Amino acid sequence: MDVRARSHFLTDIIDADRAASRHGGLVRTRFPPEPNGYLHIGHSKAIALNFGLARQYQGACNLRMDDTNPVTEDVDYVQSIERDVAWLGGRWDGEVRFASDYFPEMYALAERLVREGKAYVDSQTVEEIRAGRGDFNRPGTDSPFRNRSVDENLDLLRRMRAGDFADGAHVLRARIDMAHPNVLMRDPLLYRIRHAHHHRSGDAWPIYPMYDYAHPLEDAIEGITHSICTLEFETNRELYDWVVDHTGPWDPRPRQYEFARLALGYTVMSKRKLLQLVKDGHVEGWDDPRMPTLAGIRRRGVPAEALLELAEMVGVAKHNSLVDIGKLEFCIRGDLERRCKRALAVLDPLPLTLTNWPDDLVDSLSIPWWPNDAAAGSREVPFRKQLLIERDDFAESPPDGWKRLAPGREVRLFGAYFVRCDGVERGAQGEVTGLRCTVDLHSRGGAAPDGRHPSATLHWVDARAAVPCEARLYDRLFSVEQPDAEGDFIRHLNPNSLTTATAHVEPALARAQPGDRYQFMRLGFFVADTVTSTPGAPVWNRTITLRDTWTRPADRATSQPARADRSKSGQVTAAADLEAAFAAAVDADGELRALAEGHGLSKAALGRLASDPERLQFLRDALQAGAPAELGLRWLQNEVAGALAGRPLRQLPIDPAGFAAFVRLVADGKLAHAAAKQVLGPWLARGGDAARVAAELGLFGVGASTIDVAVADVLAEMPNELSRLRAGETKLVGALLGAALRKVKGADAAQVRAALLRAVG
RNA sequence: UGGGGGAUCGUCUAAAGGCAGGACGGCAGACUCUGAAUCUGCCUAUCUAGGUUCGAAUCCUAGUCCCCCAGCCA
């Protein structure tokens, strides 16, 4: 797996953590599949991310089976997961880990939570628990068992562990808050009783931990620093943190981050749906080459590198997206293009007879495996009077733009001779059953002495020497881009996702080994199937067709993404009305109106700020302390309020008088607008005298001479821009101004602009 | 409806407040012993409305739309 330098929000986080030397600068990630199904292409993104991050930061990545639910998990899946991760190049640190190996430690921590009063045994039924949880609109209600004594809880928990109770008799719950706005935090279940055989721990445990309890502990126990999961777990993070915080201290203390999972068009990704495809016989198994499972994709002939390339291409972000299947196809073709030898095979044969070729003569042509690199090896290909070409390559009445064979036309047979079609042979219904051609004997090897160029080069095989093999032609499994958008996804199955043909391959290919890949020229990339091939009789899976800009498959031209309507036209909003309402509110309040009119403030702006009484009072006090009114209002509302991020003003270490002094700095021109913005952050964090912060940051004292020097430097560095500006491209003022402003951080933009315009003339 | 997230070309993604960039795709051309590959050029975007600023995708305000959460699954 390559180390890619690409950055995204996770590398930003890790960079920041390392800069702060959190966890001693170490990075440990993990890939934690549940062994209850096969890995699919969606997982390849997570694998590439977790293992890639570990490599990129010289850290480590664990492979961990999240096996906390014995009823769905199986050791077969464990093996397939290991194989698939390794195939993708994932090199996990140490042995494969199993959540089940941590059951003793998890249980000990559960007893600790009980002892500390943070967990209790609940003996309600499933229904009662569900009812007690409330819903989005109603808070939950406390369980009647919520206040059991520590001793009773401990006793019950130990008997649960000992196997004294039947499934469902009790559960262990965290004692958090049944009225919590996040439903997950309403006393979540930690353990349930499940008398089931575990594929690994056997019958040692009659109780099993729930995901929300187990997962953070698995991370903490393994020393994971960055626990990366998919977006749907965002809500779980609060509980993740609760568990970590109440079972620690942990060092490193793991943090959960969420990214958008990979969704691909023309396929389904959920384990449930994949299982259904297998169980109901819509495909031939988990490794059916049409399946998006890694096993299926691998058998289809797709190289792991193509999947990693795709992961790289789609990036890592935090919003749900549906990746165009064309991107995957691009990655596959790009990889195979570089990887595969070129061979000759005909899928839908049309016999062709060379009327001027001696009956028994066999020419043995040496054709390079790589047309662009003859030195990279070649093979012998027989050529005889009776040949086979692709039926598609002949048209009796060719359409406009037709370059291939037609009556009276000449084409080149790849690596062999030029042939001209003289006539056709017909069957009983008048259909074309064969072609009569003459060969130009001087064009051996594919070039004519007179230098003429046929309009097309066709693939072909020797009719007698060709080896018939089964070819399985795969296409997309579904006929719509979002099969699971609505209704039953099964009805969108593409009936033509698999068609079988007899390929007539050149003799050299009869010796292909399972897993060997070739490009069948002008047809696509094929791989000798690893399951059904037999010695001397390979079965060919078509991995993907070649890109075709001549005939356009109907599905490519017509299928418009049936994606969810992302309406971009929002309602015309009532922003103007709102402004008016704020202004009216100010007018209606005598005191506010006096304030506005007395200080010359915009009523709408004041009204908006006044909707927060604390801010209004702060503004009043600041005005009292001598703050310039207009500027004070703006800064308070636009910059300070933003920095609050929802916190109340009083939590900041600044007071109205200090704020007034700050605003005066700006009003007096001592601090330029941009400089003031730079001061704001540190000052709001620290409090005290804003002027001192500004001085420490060196934001005072950008004098006129400094500005002139900076402007001159910029003009010297950007001669192109300068001349374009002088030629009339006035928008380049911005670029030059920006460059100058970067040189004199904190200078007053208006001054710099003036200096610039002076200098430009 | 409560909570948590998200919104940039058709698609996927970049842009410490400074020329909205790249890739896929599409279109056109060059080249070609694969109508492939390769090469060139072109196309298309900041959810809406206000505000702050010399300058806003980015900061502020209000809205709109989309996704996730009410399993003893993960």
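This structure is a prediction, so every number in the text was calculated from the model and none was measured. Residue numbers start from 1 in every chain, and the chains themselves are labelled A, B, ... in the order their sequence lines are given, proteins ahead of strands.
- OP1 and OP2 of B:G2 both lie 4.0 Å or more from every side-chain N or O belonging to A:H180.
- Taking every heavy atom of both residues into account, A:E410 and A:P454 meet most closely at O-CB, 3.7 Å.
- Smallest separation of non-hydrogen atoms from A:E481 and A:L322: CD-CD2, 4.0 Å.
- At the phosphate of B:U13, OP1 or OP2 sits under 4.0 Å from a side-chain N or O atom of A:H319.
- Look at CG on A:N372: it is 13 Å from P on B:C39, rounded to the nearest Å.
- The two residues A:T72 and A:E34 make their nearest non-hydrogen contact at OG1-OE2, 3.3 Å.
- Base pairing of B:C59: its partner is B:G51, meeting the Watson-Crick or G-U wobble criterion (both donor-acceptor distances under 3.5 Å).
- Regarding contacts with the backbone of B:A70, every side-chain N or O of A:R186 stays at 4.0 angstrom or more from both OP1 and OP2.
- A:E218 and A:T68 form no side-chain donor-acceptor contact under 3.5 Å, judged by distance and modelled atom types alone.
- Between A:R547 and the phosphate of B:A37, there is a side-chain N or O to OP1/OP2 separation shorter than 4.0 Å.
- Judged as a side-chain hydrogen bond (donor to acceptor under 3.5 Å, both in side chains), and not counting sequence neighbours, the contacts of A:K603 are A:D587, A:E597.
- Distances shorter than 4.0 Å separate some side-chain N or O of A:R133 from OP1 or OP2 on B:C72.
- Taking atom P on both B:A30 and B:U8, the two are 37 Å apart, rounded to the nearest angstrom.
- Here, B:U61 and B:C67 have their C1' atoms 25 Å apart, quoted to the whole Å.
- Look at A:R237 and you'll find a side-chain N or O under 4.0 angstrom from OP1 or OP2 of B:G5.
- Residues A:Y211 and A:N236 bring no donor and acceptor atom of their side chains to less than 3.5 Å of each other.
- Between A:R342 and B:A36 there is no side-chain N or O to OP1 or OP2 distance below 4.0 Å.
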So which protein N/O to nucleotides 57-59 of chain B N/O distances come out below 3.5 Å?
| unit_1 | atom_1 | unit_2 | atom_2 | d |
| --- | --- | --- | --- | --- |
| B:C59 | O2' | A:N638 | O | 3.3 |

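- Within the nucleic acid shown, A:M185 has no heavy atom closer than 4.0 Å to any nucleic acid atom.
- A sub-4.0 Å separation between OP1 or OP2 of B:A14 and a side-chain N or O of A:S7 is absent.
- Remark: A:S321 is in phosphate contact with B:U13, judged by side-chain N or O atoms under 4.0 Å from OP1 or OP2.
- If you check every strand for non-hydrogen atoms under 4.0 Å, A:G315 touches nothing.
- Mapped onto RNA chain B by nearest heavy atom, A:T457 and A:Q124 fall at different nucleotides, with A:T457 at the one closer to the 5' end.
- Against the 90° criterion about 0, the sugar-base torsion of B:G41 places it in the anti range.
- Remark: ring of A:F136 stacked against base of B:C69; centroid gap under 5.5 Å, plane tilt under 30°.
- Counted within 6.0 Å of CZ on A:R261, heavy atoms from surrounding residues, nucleotides or ligands total 12 or fewer; the atom is thus considered open.
- Checking A:D212 against A:L413, the closest nucleotide of RNA chain B that is more toward the 5' end is the one next to A:L413.
- The phosphate of B:G35 (OP1 or OP2) has a side-chain N or O of A:R522 nearer than 4.0 angstrom.
- A close approach under 4.0 Å does not occur between any side-chain nitrogen or oxygen of A:R192 and OP1 or OP2 of B:G71.
- In summary, the aromatic rings of A:F145 and A:Y120 are positioned with their centroids too far apart to meet the 6.0 Å limit.
- Residue A:F330 is classed as a sugar-phosphate contact, given heavy-atom separations below 4.0 Å to backbone atoms only.
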